[in-house]
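Each remark here refers to the structure printed beneath this line.
For clarity, every value in this text was computed on a predicted model and none was experimentally measured. Only heavy atoms go into these numbers, but all of them, side chains included; no hydrogens, no water, no symmetry mates.
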Amino acid sequence: MLNDAVAPEIVPAAGADKDAPLKEDIRLLGRLLGDVLREQEGDAVFNVVETIRQTSVRFRREADAGAALELDAMLKELSREQTISVVRAFSYFSHLANIAEDQHHIRRRRAHLLAGSPAQKGSVSFALKKLRLAGVPRKTVDTFFQDALIAPVLTAHPTEVQRKSILDAEHDIARLLAERDLPQTPKERQANMQLLRSRVATLWQTRMLRYSKLTVADEIENALSYYRITFLRELPGLYDDIEDDIAAEYPNGDGTIEPINAAYVQMGSWIGGDRDGNPNVNAGTMQHALARHATTILDFYLDEVHTLGAELSVSTLMVGVSAELQALADQSPDASPHRSDEPYRRALIGIYARLAATARALGATNILRKEVGAAAAYPDAAAFVADLRTIVASLESHHGAALVRPRLATLARAADIFGFHLASLDMRQTSDVHERVLADLFAKSGVAADYTALSEADKEALLLSELAQPRLLYSPYISYATETDSELAILRAARDIRQRYGARAIRNYIISHTETVSDLLEVLLLQKETGLLRTDWQTGDSRCELMVIPLFETIPDLQRAAGIMSQLMALPLVQQLIAKQGQLQEVMLGYSDSNKDGGFLTSNWELYKAELALVADFQKAGVKLRLFHGRGGTVGRGGGPSYEAILAQPPGTVNGQIRLTEQGEIIASKFSNAEIGRRNLELLVAATLEASLAPQAASPAHASELAQFEAVMAQLSDLAYHAYRHLVYETPGFTEYFFSATPIAEIAELNLGSRPASRKANQRIEDLRAIPWGFSWGQCRLLLPGWFGFGSAIEAWINEAEGGAQDEKIATLRAMYARWPFFATLLSNMDMVLAKTDLAIASRYAELVADQGLRERIYKRITDEHGNTLRCLELITGNTERLAGNPLLARSIQNRFAYLDPLNHLQVELIKRNRALSAESRIDERVHRGIQLSINGVAAGLRNTG
């Protein structure tokens, strides 16, 4: 997998090719695709695709210059119809290769487990062993799981190129491929092959692209498909595995397993609640999101309870039951004499009836199996869990413990985790909107004529004064701006959703572009206006339903973050609200805008510094800090292996509390396969456990050494920042180069997401969203946001010294790489980006720049920096080959990219044709379709491009 590697290297038998099964699967799927291509499109098209494939492989693997010229000429001669077929063929091959690689990861991990090998790095069992050997007691581990919150948050962003229909077909192919590893009779093997062929044919005949703009409702449904595939079963199952792992590493004397009665991993979502820059999100989309969440989880509960009713045929003629279970059975609407001695079935029929009533009350419209009789809806998920616990307790006290684990305990665990809300929906809006809404309220209530013109001190004083007033600013008898009405309606909807679906349904309000204390106070006041912040005016006791969370994104914002939070936490009202939150406050850090703002090295360093400063100030305030990491798919946006990223966090920044975004096509990469999804969830738990409790194995030996490393990093960051800013923001013509030499304009036309690609209708890089910025550089295979500036910084820093002092500086950099996890992870992620960078392909995109002088000037600067970066990376790490420490990923890239190159070459040709037509005000839908298909295929091949 080209994102998070989910399986370690497994030592094969002597002389064995560890990748032989993978190669066999890729050949099989490639052959099936070829058969379908020949059958559907004819021999001529098949032969063209095969010739292009063979020539591309020769060029990639043998560095054959003649093959490059041959390939270029061949692609230029393709007709429009042939071009579409070739693009589709290579795009689907990228998808099929992903499936084969995922299956190989699963195969390798199973082989590791079957061989009885030691616990793998990244597993919870490995983390627990590490803790035990370090002397961490069982009580500390138990406390961690009781108090922890680990929350992957699914977000919809305009790099998601997969349609659900494609995902469903690929899921079937993955299942059939996995079956081939099991013993099969000749007839079973033949049937498997026929089904595989039919699913590949289905893929070929299924439209890969959306021809209409994706709506928020579509994004919600796409995300819910991953719950059905992975989260609903794999997350409760992971809890069971972790209990087993704890019992194995910290055994009780009686051999029993103590349950962990806490939902330490919970799912989050932004889809339907993230309004920042998305005019399509409103109160209605939030209500729709929660109704669909509730329907999804209640459908799951209803199916499981129905199945349990069939399984638990226990008769009181054979064994007794508890009084509580009997009472539960007696409340059931089931009065059949055939089940008079089967109280568990009767109890479950009653639970099913209550669930069905609950589902209807929460928005479900289609209960597939009608209940036996009427029953009252559950008031909350806790009441449902209590009924399940009653069944569990009765079975365990009457010789039925063996009947609990297979399904019942897992269902009870799922109900703890998912409740009736499935996932907590975060709300997000930019601070500018809040300011405009309050300016409207202040002006029309006569409190302040022009709130926006006030100084920051005056804004804070006014906001605190209003928060201390019993009256409201809002009046139902006054007309307000449309934006004001919309924002207030959204907050009122949040209040109603919490009352209907439970407090965990919506509990966080994130403020984009937080720059001042008033930005946070404004949201507190808006909550007061809508009943979400309430005060007992006799006692002065205040409580806020939604945690107000600042999002610090740009480099200046990150530098101000700790100071803003210190000022905020010094306010008596805020201190009272934080106390009601369990003396805990969350802060979100954005990885995207800081990178676009200042480059890869500086962004990572400013994030690191901001985290350390926040930890220090929160400790002074006596408040527990939870960081929410706004990571994207690309390394330039915080992407890369999650396990290593969490372990590389500065000391004191994890402490059992972490939330992080999972975005775009990374969601499909990590969670479209149940087993890989479970492994990725385990990686998050294991990393959080280690980062919170384990001493770092590789870390600076002394505080003085760490201080030295940080001082060096500060100098490198300053140098890298200026190199990056000089290219991107200070070089005349760079914006023109970017919009010409990447497919950014074509990406903006794709029906990828419900959010616009740019915040404003212009071509300023400052206003471009960070996601399409990184996505575009990935498509042209430069991936510039993940490395530019590093080489200049290292070279300039070393050259500041002379003679032997230069050797000392090199030794310092090598020590930083060897003993500082932050720096080692930084270089590891950059190494991965450079392994995916291809200057030969990028040069083809540079040809799209019409101004030859501009093209040559900027492209030379980029390639010079690329060379500097490679040399400096090799100087520090000692590795002359990319991904020397990750041979699995290195082989994956080598195998995959020969088939990806034709898509890039074709994309360039299609963009040339499209732009030539646009210059004449003409449109060719087939050319548009070809470009969009190529974007899909390249994104699938790179896997972490968003």
Side-chain angles (χ1 to χ4, degrees), residues 275-276 427-475 478 480-481 483-492 494-495 508-537 539-552 557 560-581 585-588 617 621 623:
R275 313 192 299 289
D276 180 15
M427 302 173 68
R428 184 172 75 135
Q429 182 57 285
T430 183
S431 57
D432 295 345
V433 172
H434 305 139
E435 184 181 60
R436 289 196 297 269
V437 168
L438 278 170
D440 192 23
L441 290 172
F442 279 132
K444 288 174 180 171
S445 63
V447 173
D450 189 355
Y451 170 73
T452 60
L454 298 178
S455 68
E456 171 61 17
D458 287 343
K459 283 181 180 178
E460 290 177 25
L462 177 59
L463 292 165
L464 288 169
S465 172
E466 284 302 319
L467 284 164
Q469 298 285 342
R471 60 155 174 78
L472 299 178
L473 294 166
Y474 176 81
S475 169
I478 295 176
Y480 297 95
E483 183 177 58
T484 301
D485 287 335
S486 175
E487 290 297 309
L488 294 176
I490 286 165
L491 283 159
R492 294 185 190 110
R495 182 192 61 206
N508 301 310
Y509 195 115
I510 297 158
I511 307 168
S512 299
H513 305 121
T514 301
E515 298 174 340
T516 60
V517 171
S518 65
D519 289 337
L520 293 144
L521 295 177
E522 285 169 357
V523 176
L524 289 177
L525 183 53
L526 289 172
Q527 288 199 60
K528 172 178 175 270
E529 289 291 315
T530 50
L532 288 162
L533 189 158
R534 294 184 297 279
T535 300
D536 183 329
W537 298 106
T539 64
D541 186 43
S542 296
R543 180 180 297 274
C544 190
E545 292 195 23
L546 303 180
M547 184 186 289
V548 177
I549 300 169
L551 169 51
F552 300 108
D557 291 347
R560 289 190 291 260
I564 290 171
M565 294 310 296
S566 290
Q567 294 174 52
L568 182 76
M569 292 186 295
L571 299 173
L573 171 63
V574 174
Q575 290 174 352
Q576 185 181 111
L577 296 176
I578 288 176
K580 294 289 173 53
Q581 294 167 182
Q585 173 64 43
E586 185 171 299
V587 173
M588 184 174 183
D617 286 355
V623 177

Quiz item: Are any of the side-chain heavy atoms of Arg495 and Gln527 separated by less than 4.5 Å?
Solution: no
Quiz item: If every non-hydrogen atom of Ser542 is compared with every non-hydrogen atom of Lys580, which pair is closest and at what distance?
Solution: O-NZ, 3.2 Å
Self-check item: Least distance between heavy atoms, Ser518 atom then Tyr451 atom
Solution: CB-OH, 4.4 Å
Quiz item: Is the closest side-chain donor-acceptor distance between Asp519 and Thr514 under 3.5 Å?
Solution: no
Exercise. Report the C-alpha distance between Leu463 and Glu460 in whole Å, list the side-chain angles of each, state the deciding distance to 0.1 Å, and finish with yes or no for side chain to side chain contact (heavy atoms under 4.5 Å, CB included).
Key: CA-CA 5 Å; Leu463 292 165; Glu460 290 177 25; 5.6 Å; no
Quiz prompt | Any donor-acceptor pair under 3.5 Å from Ser465 side chain to Ala461 backbone | solution = no
Quiz item: What pairs with Asp485 under side chain to side chain donor-acceptor pair (under 3.5 Å), at least two apart in sequence or on another chain?
Solution: none
Practice problem: Applying side-chain contact (heavy atoms from CB on, under 4.5 Å) between Leu571 and each of Ile578, Leu467, Leu521, Leu577, report the one that passes. | Solution: Leu521
Quiz item: How many angstroms lie between CG in Leu438 and CG in Leu462, if you round to the nearest 0.5 Å?
Solution: 9.0 Å
Exercise. Kindly compute the distance separating CZ (Arg560) from OG1 (Thr516), expressed to the nearest 0.5 Å.
Key: 8.5 Å
Self-check item: Nearest non-hydrogen partners of Phe442 and Leu473, listed with the distance
Solution: CE2-CD1, 3.7 Å
Quiz item: Do side-chain atoms of Glu529 reach the backbone of Leu488 as a donor and acceptor pair under 3.5 angstrom?
Solution: no
Practice problem: Any salt bridge (charged side-chain N to carboxylate O under 4.0 Å, His left out) involving residues 440-449? Give me the pairs, sequence neighbours left out, ordered by first then second residue. | Solution: Asp440-Lys444
Quiz item: Could you state the interatomic distance from CD (Gln469) to CG (Leu525), rounded to the nearest 0.5 Å?
Solution: 10.5 Å
Self-check item: From Met588, Gln585, His513, residue fulfilling side-chain contact (heavy atoms from CB on, under 4.5 Å) relative to Pro550
Solution: Gln585
Practice problem: Looking only at non-hydrogen atoms, find the nearest pair between Met569 and Val574 and report the distance. | Solution: CA-CG1, 4.3 Å
Quiz item: How many angstroms lie between atom OG of Ser431 and atom CD1 of Ile511, to the nearest 0.5 angstrom?
Solution: 7.5 Å
Exercise. Can you measure from CE (Met547) to CD1 (Ile510) and round to the nearest 0.5 angstrom?
Key: 10.5 Å
Exercise. Of all the heavy-atom pairs spanning Val437 and Leu526, show the shortest one and how long it is.
Key: CG1-CD2, 3.8 Å
Practice problem: Quick one: do Leu524 and Lys528 satisfy side chain to side chain contact (heavy atoms under 4.5 Å, CB included)? Show the steps, please. | Solution: CA-CA 6 Å; Leu524 289 177; Lys528 172 178 175 270; over 6 Å; no
Quiz item: In terms of ring plane angle, is the pair Tyr509 and His434 parallel, tilted or perpendicular, where the classes change at 30° and 60°?
Solution: tilted
Practice problem: Run the numbers on Leu520 and Ile564 for side chain to side chain contact (heavy atoms under 4.5 Å, CB included), then give the verdict. | Solution: CA-CA 10 Å; Leu520 293 144; Ile564 290 171; 3.9 Å; yes
Practice problem: Please identify each residue that fulfils side chain to side chain donor-acceptor pair (under 3.5 Å) with Glu586, with sequence neighbours left out. | Solution: Arg626, Arg659
Self-check item: N/O donor-acceptor pair under 3.5 Å between Thr430 side chain and Val433 backbone
Solution: no
Quiz item: Any idea which heavy atoms bring Glu435 and Glu522 closest together, and the distance?
Solution: N-OE1, 3.6 Å
Quiz prompt | Separation of Thr530 OG1 from Tyr474 OH (nearest 0.5 Å) | solution = 11.5 Å
Quiz item: Tell me, do Met565 and Asp617 make a side-chain contact under 4.5 Å, heavy atoms counted?
Solution: no
Quiz item: Going through the distances and angles, do Leu491 and Met427 end up as a side chain to side chain contact (heavy atoms under 4.5 Å, CB included)?
Solution: CA-CA 9 Å; Leu491 283 159; Met427 302 173 68; 4.1 Å; yes
